[in-house]
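Written out below as structure tokens is the structure these notes cover.
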Protein chains: 2
Amino acid sequence: MKKKLKIDSYNKKILSTLHLEGALTNIELAERVNLSPSACFQRVKALKEAGYFRNLHADINLDQLCEHVLAYIEFTLEDNSAPSRRRFVSRIHEIPEIMDCMQLSGDVDYISLSCFPNLKKLNEICSGLSDQTDLRIKHIKTRIVLERAKWFLGYPLSKLKWLDDEKFDGEMISERVSI
Amino acid sequence: MKKKLKIDSYNKKILSTLHLEGALTNIELAERVNLSPSACFQRVKALKEAGYFRNLHADINLDQLCEHVLAYIEFTLEDNSAPSRRRFVSRIHEIPEIMDCMQLSGDVDYISLSCFPNLKKLNEICSGLSDQTDLRIKHIKTRIVLERAKWFLGYPLSKLKWLDDEKFDGEMISERVSI
DNA sequence: TTGTCTGCAAAATAATATTTTGTAATTAGG
DNA sequence: CCTAATTACAAAATATTATTTTGCAGACAA
């Protein structure tokens with residue numbers, strides 16, 4: 001079903017454009033990438049079916065909607081055996097306040113970006129995790145986000161070496177939008 | 001121009017739906033929120049104009065597209081006076097590989113999630129920042145992401161306490177929001 | 001009551017998405 | 001070198017959707 005596609009300069013431009021501006025109509029997108037609407041449509045469809053991108057997401061203005069607290073939470077496990085890690089990661093997935101979680105090199109095993117309605121709730125959830133002894137968490141360190149110095153603007157696609165790069169001799173991918 | 005809107009249950013459902021699935025057509029969205037297509041359309045339009053959400057972004061499958069290295073980079077400044085911070089943040093904005101950057105409470109001043117084509121490039125950029133003495137960076141700590149244990153799935157909107165419209169008496173915030 | 005305002009649904013229209021078709025360029029096999 | 005077979009594209013045709021317009025009903029104030 002999932003077919004491997006050649007990621008030529010058209011597909012690169014389609015992907016990077018949709019990454020930064022997913023609300024374009026097919027016609028607008030086609031104009032930007034210099035294809036006919038039908039050709040553009042077929043490529044978008046093929047790219048999606050092949051898994052090169054999944055969904056679109058609206059970036060909502062949380063500051064405008066509600067009070068909240070962002071925090072990085074770091075986890076160090078007693079032992080990082082596969083079963084321990086599996087149990088920990090499984091538990092993390094059950095907590096929607098923990099928005100993502102990355103396994104790291106170094107002394108700390110995991111770091112997660114989390115969002116809570118207030119500090120009380122943050123403390124509740126962290127304490128709850130600590131108290132669950134079967135998770136074998138040795139240490140939790142919480143670092144509150146005071147300010148977003150730079151907002152996430154997407155992957156630096158123009159700085160990465162895409163696959164099939166030998167086929168790409170066109171101009172550079174679309175520029176990133178600035179705040 | 002930007003009008004204060006009442007964030008009732010319809011608008012909440014519209015925003016949370018688009019946050020998780022922005023590729024819906026207006027008709028599909030209207031069905032999900034139990035409104036007529038026209039009423040739904042007008043609300044979406046008003047919400048966007050009022051700044052409750054900005055754009056849509058395709059979440060592209062970077063693993064499928066190219067080799068890359070994700071890393072959290074932590075910065076501690078010599079002094080965190082306002083001018084030093086301004087200079088640092090300004091520099092950070094010029095580096096697309098640094099995807100976001102948060103000012104933190106605690107001993108470390110900033111943390112950023114970054115994406116590079118390889119470790120060599122990571123080192124180049126970190127070294128470059130260290131060498132720029134006018135940035136007054138005391139310490140840089142890099143923590144490589146070994147694995148994404150949990151992928152970003154959006155804000156935990158159902159867990160937050162949304163503001164009622166009567167609390168919107170203050171001025172509006174219109175910051176850019178991450179996906 | 002009367003008038004104004006608001007939000008909604010329904011209808012009408014404009015625009016777009018999506019499919020179909022034909023064609024030129026490319027490739028592989030003989 | 002020739003001939004399918006394949007691919008990607010544009011153009012046309014059609015299906016579907018976006019968007020505007022209209023009018024109605026409820027809420028509210030004078």
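Since the structure is predicted, the reported quantities are computational estimates derived from the model, not experimental observations. Just so it is clear: chains get the letters A, B, ... in the order the sequence lines come, proteins before strands, and each one is counted from 1.
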Say whether B:Arg54 and A:Asn61, considering side chains only, have a donor N or O and an acceptor N or O under 3.5 Å apart. no

Ring pair (Phe, Tyr, Trp, His ring centres under 6.0 Å) partners of B:Phe116, counting only residues at least two apart: none

Between CG of A:Asn34 and P of D:dC9 the distance, given in whole Å, is 12 Å

Nearest whole Å is fine: how far is D:dA11 P from A:Leu35 CG? 12 Å

Acceptor/donor pairs from residues 101-109 of chain B side chains to any protein atom, 3.5 angstrom cut, sequence neighbours excluded:
unit_1	atom_1	unit_2	atom_2	d
B:Ser105	OG	A:Ile144	N	3.2
B:Asp109	OD2	B:Leu77	N	2.8

Can you name the side chain to side chain donor-acceptor pair (under 3.5 Å) partners of B:Arg86, sequence neighbours left out? none

Return a single string for nucleotides 20-27 of chain D, one symbol per nucleotide in 5' to 3' order, where B is base contact, S is sugar-phosphate-only contact and - is none, cutoff 4.0 angstrom on heavy atoms. BB------

Quiz: residues 34-41 of chain B side-chain donor-acceptor pairs under 3.5 angstrom, not counting sequence neighbours:
unit_1	atom_1	unit_2	atom_2	d
B:Ser36	OG	B:Ser38	OG	3.3
B:Ser36	OG	B:Ala39	N	3.2

Whole-Å distance, A:Ile7 CD1 to D:dA8 P, equals 12 Å

The side chain to side chain donor-acceptor pair (under 3.5 Å) partners of B:Gln132 (sequence neighbours excluded) come to B:Arg91

Let me know the distance between OH of B:Tyr10 and P of C:dG7, rounded to the nearest Å. 13 Å

B:Glu28: which residues meet the side chain to side chain donor-acceptor pair (under 3.5 Å) condition with it, sequence neighbours left out? B:Thr25

Which residues satisfy the side chain to side chain contact (heavy atoms under 4.5 Å, CB included) test with B:Arg32, sequence neighbours excluded? B:Thr17, B:Glu21, B:Leu24

Sub-4.0 Å heavy-atom contacts from residues 20-31 of chain B onto DNA chain C, ordered by number: none

Nucleotide C:dA17, atom C1' - distance to CZ of A:Arg43 in whole Å: 18 Å

